Structures are given as structure tokens and as C-alpha cells.
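Inspection log for the structure reproduced underneath, given as C-alpha cells.
Counting convention: from 1, in listed order, for ligands and their atoms alike. All of these numbers come straight from a predicted model, not from anything done at the bench.
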Amino acid sequence: ASKKNGRNCATSFSPSMAEERAIDRALEKDLESAFEKQQLRMVYQPIHSVEDDTREVEALVRWKHPELGEVPPSTFIPAAERSGLMVRLGEWIIQRALQDFARWPGMDMSINLSPLQLQHDGFSTFLLDCCNRYHIAPSRLFLEVTESLSIERNTRALLTLNMLRNLGFRIALDDFGTGYSSLSMVKSFKFDRMKLDRSLVMDLGQDPASVAVLEAAVTMARHVGAEVVAEGISDAHLIGATKSAGCTHLQGYFYSRPIEADEVFGYFENNWERRAEVA
Ligand code: C2E
Ligand code: MG
Ligand code: MG
Ligand code: MG
């Protein structure tokens with residue numbers, strides 16, 4: 001909060017930088033023990049295909065802290081990255097997500113990757129071992145990377161991504177449209193999919209410029225052969241505009257919030273066709 005308000009007008013309840021660092025250290029310490037205390041779990045958000053009845057979920061990590069309650073991943077993933085825990089957390093996520101995924105035949109799944117995982121030597125081996133252990137074909141997985149990767153400046157991550165793509169994994173550019181390097185990312189790697197950030201989606205219907213930006217993004221994705229997921233479909237009125245702009249997949253609270261592993265199979269059995277009709 002102090003950053004948002006600017007240095008000179010920090011309000012009394014926004015922590016100083018020293019306090020922020022202290023919070024960070026406490027969080028990092030707690031995160032280290034979160035593994036064995038079983039405070040981490042995976043949840044899964046359905047992704048709806050416009051063109052066919054493909055069933056897909058995105059795996060999202062959750063941390064239930066004993067005192068703080070649910071700590072959002074946007075807080076603890078960066079903390080894990082700063083403290084050197086990200087590779088271990090990333091391996092826990094892949095292991096658990098693929099273990100769950102093995103129980104859902106005929107589905108696809110997306111997994112988010114931190115750039116630090118892609119820079120780590122053992123990453124591909126770990127991922128392939130997990131796929132073998134749970135009998136999962138790489139082509140059923142989307143690996144989501146973000147612009148924070150700056151892969152055009154990161155040769156090793158780029159080589160790893162290329163190799164994984166050659167092995168059959170599909171690669172998605174997440175949060176497309178939020179970072180300054182969006183366009184150069186599109187030039188530096190052959191993505192199979194672009195995920196339009198919900199900031200590009202949420203104003204559709206109120207603002208004609210939003211439609212123009214969305215359509216331009218879809219056109220660009222099409223030209224490089226990538227399919228397009230619209231994130232943040234939180235309301236039915238966003239469906240028409242994203243579909244007519246050419247988005248091939250829709251994801252958001254309108255369809256479903258992220259759900260527990262045990263709910264995934266039932267979601268697709270019970271809700272899927274009804275939701276598809278609305279769309
Ligand atoms: P993301 O990968 O872009 O994931 C989508 C986020 O948007 C999720 O938040 C999801 O719950 C939220 N969302 C989905 N539909 C809607 C909607 O209609 N409205 C709104 N307001 N939000 C919606 P979540 O789970 O809190 O994750 C936030 C970010 O944290 C993710 O953004 C991703 O960058 C990161 N993250 C989450 N899980 C993982 C993980 O397992 N590994 C890594 N490396 N990062 C993760
Ligand atoms: Mg994602
Ligand atoms: Mg996303
Ligand atoms: Mg996003």
C-alpha cells in the first residue's frame with residue numbers, strides 16, 4: 001500500500017520498507033514449514049472451450065496460513081521466489097497437480113510456471129519424471145509462463161521452453177497485455193496459446209476502445225498461430241464480445257471459481273453442458 005500512495009503520503013497503516021521486509025521474512029519462514037504442515041493445496045478452475053467440448057482446468061496453488069488464513073498466491077509466490085523456495089514449491093505444485101490430474105482421464109490441464117523454475121537445471125527432468133509416473137502425455141498439459149520471464153533476455157529459459165514444446169507440451173503466454181514486453185514476447189517464441197489478462201476483458205461493453213484492443217490482440221495471436229483464452233469472464237455479458245472477437249476459450253467466475261480437486265469430475269458431469277448452452 002505504501003508504494004501505491006507514494007513515499008511522502010504513506011498512511012499510518014501502511015508498513016514501512018523495514019516492516020515489509022520483516023513481514024517478508026516471517027512469511028518466508030512460515031512457507032518453509034507449510035509443506036510438512038500440509039497447509040498447501042491445489043485448486044482447479046475450469047476453462048471453457050468455445051469450439052468443442054474439451055474439458056480443461058488451470059491448476060492454482062493455495063496456502064492456508066494458521067493465523068493469517070488464506071494467503072493469496074500473488075503474495076506468497078513472489079516471497080518464495082525471493083527466498084529461494086520457488087523451485088521446491090514449484091516441484092510440489094507439479095507433483096500434486098499431476099497426481100490429481102491422473103484421476104481425470106480425457107481432460108487437459110494448465111500449470112503456471114515461475115521463471116525461476118525454467119532457469120533451474122533439473123526442471124525438465126523433474127517434469128518428465130512426473131509425467132511418466134502418472135502416465136500423462138505431455139500434449140495434455142499447457143505450461144503457462146508470464147511476461148515477467150522476459151524470455152527474450154533469458155537464453156536458458158528459452159531453450160528449455162523450446163525443448164519442452166518439441167516434446168509435446170503446449171506453451172501458453174499468461175497475463176498477455178499487462179506487461180511492457182507483450183509484443184516482443186510474441187516475436188521471440190512460438191506460443192501455442194495466449195491468455196488475455198482480465199484487465200483487457202473487464203471493460204468490454206462499456207468502452208469501445210476495449211473492443212478494439214481485444215480484437216487487435218486476437219488478430220495478432222491468430223497470425224502467429226496461437227489460440228486465445230479470455231480470462232476474467234465474471235459475468236454473462238462478457239461472453240458475446242469475447243466470442244465474437246475470436247477468443248477460443250473462456251475462463252472466469254461466471255463459469256466457475258477455482259474448485260477443490262474432489263469437485264472437478266462432478267463439475268464437468270453436472271454443469272458443463274448447461275454452462276455451454278449459456279455461452
Ligand atoms: P493467473 O495464472 O493469471 O491465474 C488467474 C487468476 O485469476 C487466479 O487467481 C484466479 O482465481 C483469478 N480469476 C479467475 N477468474 C476470475 C474472474 O472472473 N474474476 C477475478 N477477479 N479473478 C478471476 P489466483 O489463484 O489468486 O492466482 C493469482 C496468480 O498467482 C496467478 O494468476 C498466477 O500468476 C499465480 N499463481 C497461482 N497459482 C500458481 C502456481 O501454482 N504456480 C505459479 N508459479 N503461480 C501461480
Ligand atoms: Mg495462469
Ligand atoms: Mg492468467
Ligand atoms: Mg491474469
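The aromatic ring centres of Y44 and W104 sit less than 6.0 Å apart.
H48 and Y255 have parallel rings, their planes meeting at less than 30° on a 0 to 90° scale where 60° marks the start of perpendicular.
Between L116, T75, D175, it is D175 that holds the heavy atom closest to atom 3 (O) of ligand 1. Which of R96, R198, M42, E144 comes nearest to atom 21 (N) of ligand 1 through a heavy atom is settled by distance: it is R198. For atom 37 (C) of ligand 1, the nearest non-hydrogen atom from the set P73, A172, A97 comes from P73. The option from Y253, F176, F76 that lies nearest to atom 23 (C) of ligand 1, judged by heavy atoms, is Y253. Here atom 43 (C) of ligand 1 lies nearest to N112 when heavy atoms of L60, I94, N112 are compared. When D174, D235, I93, L250 are ranked by how near their heavy atoms come to atom 1 (P) of ligand 1, first place goes to D174.
Backbone and side-chain nitrogen or oxygen atoms of Q45 are examined, and one is located within less than 3.5 angstrom of a nitrogen or oxygen of ligand 1. For ligand 1, the polar-atom distance check against M86 finds no nitrogen or oxygen pair separated by under 3.5 Å.
Nearest heavy atom pair, residue M185 against residue T146, reads CE-O, 3.8 Å. Taking both residues in full, the closest heavy atoms of E215 and A245 are given as CG-CB, 3.9 Å, listed atom of the first, atom of the second, then distance. Considering all non-hydrogen atoms of both residues, A102 and I136 come closest at N-CD1, 4.3 Å.
Salt-bridge check for E260 with R41: passed, with a basic side-chain N closer than 4.0 Å to an acidic carboxylate O. Taking 4.0 Å as the cut-off between side-chain N and carboxylate O, R170 and E56 do not count as a salt-bridged pair. One finds no salt bridge joining D175 and R198 here, because no Lys/Arg side-chain nitrogen approaches an Asp/Glu carboxylate oxygen to under 4.0 Å.
With ligand atoms numbered from 1 in the order given, ligand 1 contributes 17 (C), 18 (O) to contacts under 4.0 Å with heavy atoms of G232. Distances below 4.0 Å separate heavy atoms of L113 from the following atoms of ligand 1: 44 (N). The distance from ligand 1 to the heavy atoms of E231 drops below 4.0 Å at these ligand atoms: 3 (O). For ligand 1, the atoms closer than 4.0 angstrom to any heavy atom of S114 are 44 (N). Near R62, the atoms of ligand 1 lying under 4.0 angstrom from a non-hydrogen atom of the residue are 11 (O), 24 (P), 25 (O). Here is the list of ligand 1 atoms found below 4.0 Å of a heavy atom in G252: 15 (N), 18 (O). Per-residue contacts place S234 under 4.0 angstrom from the following atoms of ligand 1 (heavy atoms of the residue considered): 18 (O).
Using a 4.0 Å cut-off between heavy atoms, P258 contacts ligand 1 through its side chain alone, with no backbone atom that close.
In summary, no N, O or S atom of D197 is located under 2.8 Å from the Mg ion (ligand 3). Put simply, E58 stays out of reach of the Mg ion (ligand 3), with no N, O or S atom under 2.8 Å from it. Taking backbone and side-chain atoms together, D174 has an N/O/S atom less than 2.8 Å away from the Mg ion (ligand 2). For a distance bound of 2.8 Å, the N, O or S atoms of S110 include none lying that close to the Mg ion (ligand 2).
Looking at E231 and the Mg ion (ligand 3) together, the shortest N, O or S contact belongs to OE2. Closest approach between the Mg ion (ligand 2) and any N/O/S atom of E144 involves OE1.
By the ring pair (Phe, Tyr, Trp, His ring centres under 6.0 Å) test, H237 pairs with no residue at all, sequence neighbours left out. When the ring pair (Phe, Tyr, Trp, His ring centres under 6.0 Å) test is applied to F76, the partners found at least two apart in sequence or on another chain are W63.
Atom NZ of K190 has more than 12 neighbouring heavy atoms from other residues, nucleotides or ligands inside a 6.0 Å radius. Taking a 6.0 Å sphere around CD of Q38, one finds it holds 12 or fewer heavy atoms contributed by other residues, nucleotides or ligands.
Side-chain contact, E81 with S114: a donor N or O sits under 3.5 Å from an acceptor N or O.
Within the structure, the closest approach of E58 to ligand 1 falls below 4.0 Å when heavy atoms are considered.
T242 places no side-chain N or O within donor-acceptor distance of the main-chain N or O of C247, the cut-off being under 3.5 Å.
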